[in-house]
Amino acid sequence: MKKKVLKTVVWIVFTIYMIILMKLILFKYPVCIASSVNWMDFKRRLMFANYIPFKTIYFYLVGEGINEGIAKVNLLGNIIGFMPYGFLAPLLETDIKDYKKALKAGLFISLTFEVIQLITGLGSFDVDDLILNTLGTILGYAIFRFAFDKIKFLKKLGEMLE
């Protein structure tokens, strides 16, 4: 019974986290979804998407005339925003028990968001977001592994969820 209640609580936390993540990534600006999905602009979105790894990251780190606050929010926000995913996903999906699987899961969810942005126009596709989001997932997973291996209370919690 405890296991079921605990699993439900983790699912609720994960669902709230995913809703917040969707709000931050897809609905950061007030927009009418119907007006944002303009198929005539799809070619334009394809043209202006960033497909070059580290282009945006490099620009934010060394570009002249860049607002440092915006650069930090974009770089750190993508990393920190996906750390909870790396921590929570292994609690819910028993298959995510090593770094490779956590990396694949983080890359998949990040790619999903990027493709939605590309298709709908609710943002712009940037391969660097994939890199930063996946890095955030891996850091979250590293915290998960450390916490559940070293902290007795969390170790018991992890055993209860399996």
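- Residues Tyr141 and Phe87 place their aromatic rings such that the two centres sit no closer than 6.0 Å.
- In this structure, Ile143 and Met83 approach most closely via the heavy-atom pair CD1-CE, 3.4 Å.
- Contact record, Ala71 with Ile66: CB-CG2, 3.8 Å, taken as the closest heavy-atom pair.
- No donor-acceptor pair under 3.5 Å is formed between the side chain of Lys101 and the backbone N or O of Pro90.
- Taking 4.5 Å as the limit, every side-chain heavy atom of Lys104 sits out of range of all side-chain heavy atoms of Leu107.
- Residues Phe82 and Met22 fall within the same hydrophobic cluster, defined by Ile, Leu, Val, Met, Phe, Trp and Tyr side chains chained together at heavy-atom separations under 4.5 Å.
- How far CG of Asn78 is from CG of Leu132: 5.0 Å, rounded to the nearest 0.5 Å.
- Tracing side-chain contacts under 4.5 Å through hydrophobic residues (I, L, V, M, F, W, Y), one reaches Leu139 starting from Ile80; they form part of the same cluster.
- Other residues, nucleotides and ligands contribute more than 12 heavy atoms inside 6.0 Å of the NZ atom of Lys28.
- Across every non-hydrogen atom of Leu26 and Gln117, the tightest pair is CD2-CG, 3.6 Å.
- When all heavy atoms of Tyr17 and Gly81 are compared, the pair lying nearest together is OH-O, 2.6 Å.
- When side chains are defined from C-beta on, Lys72 does not count as touching Tyr60, because their heavy atoms never get closer than 4.5 Å.
- Considering only heavy atoms from C-beta on, Phe113 comes within 4.5 Å of Leu21 through its side chain.
- Listed for the Ser110 side chain is no donor-acceptor partner under 3.5 Å among the backbone atoms of Gly106.
- Between Trp11 and Phe14, the ring planes lie perpendicular to each other; the angle is over 60°, past the 30° to 60° tilted range.
- Ile16 and Leu92 end up in different hydrophobic clusters when Ile, Leu, Val, Met, Phe, Trp and Tyr side chains are linked at under 4.5 Å.
- Val73 and Phe27 fall into different hydrophobic clusters, where Ile, Leu, Val, Met, Phe, Trp and Tyr are joined by side-chain heavy atoms under 4.5 Å apart, directly or via other members.
- Between Leu118 and Ala49, the shortest heavy-atom contact is CD1-CB, 4.4 Å.
- Across Met18 and Ile109, no two heavy atoms sit closer than the pair CE-CD1, 3.8 Å.
- Note: Phe48 and Phe125 fail the aromatic proximity criterion, with ring centroids not under 6.0 Å apart.
- Side chains of Ile119 and Phe42 form a contact here, defined as non-hydrogen atoms less than 4.5 Å apart.
- Put simply, the side chain of Glu114 never gets that close to the backbone of Asp129: no donor and acceptor are under 3.5 Å apart.
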(request) Show your reasoning for whether side-chain contact (heavy atoms from CB on, under 4.5 Å) applies to Thr134 and Leu103. (result) CA-CA 6 Å; Thr134 305; Leu103 185 133; 3.9 Å; yes
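- Under the 4.5 Å side-chain criterion, counting only non-hydrogen atoms from C-beta, Ile138 is in contact with Tyr99.
- Hydrophobic clustering of Ile, Leu, Val, Met, Phe, Trp and Tyr side chains at less than 4.5 Å, counting indirect connections, unites Leu46 with Leu130.
- Checking Ile57, Asn74, Leu75 one by one against Asp128, the side-chain contact (heavy atoms from CB on, under 4.5 Å) holds for a single residue, Ile57.
- Looking at heavy atoms from C-beta onward, Phe144 lies in side-chain contact with Leu91 at the 4.5 angstrom threshold.
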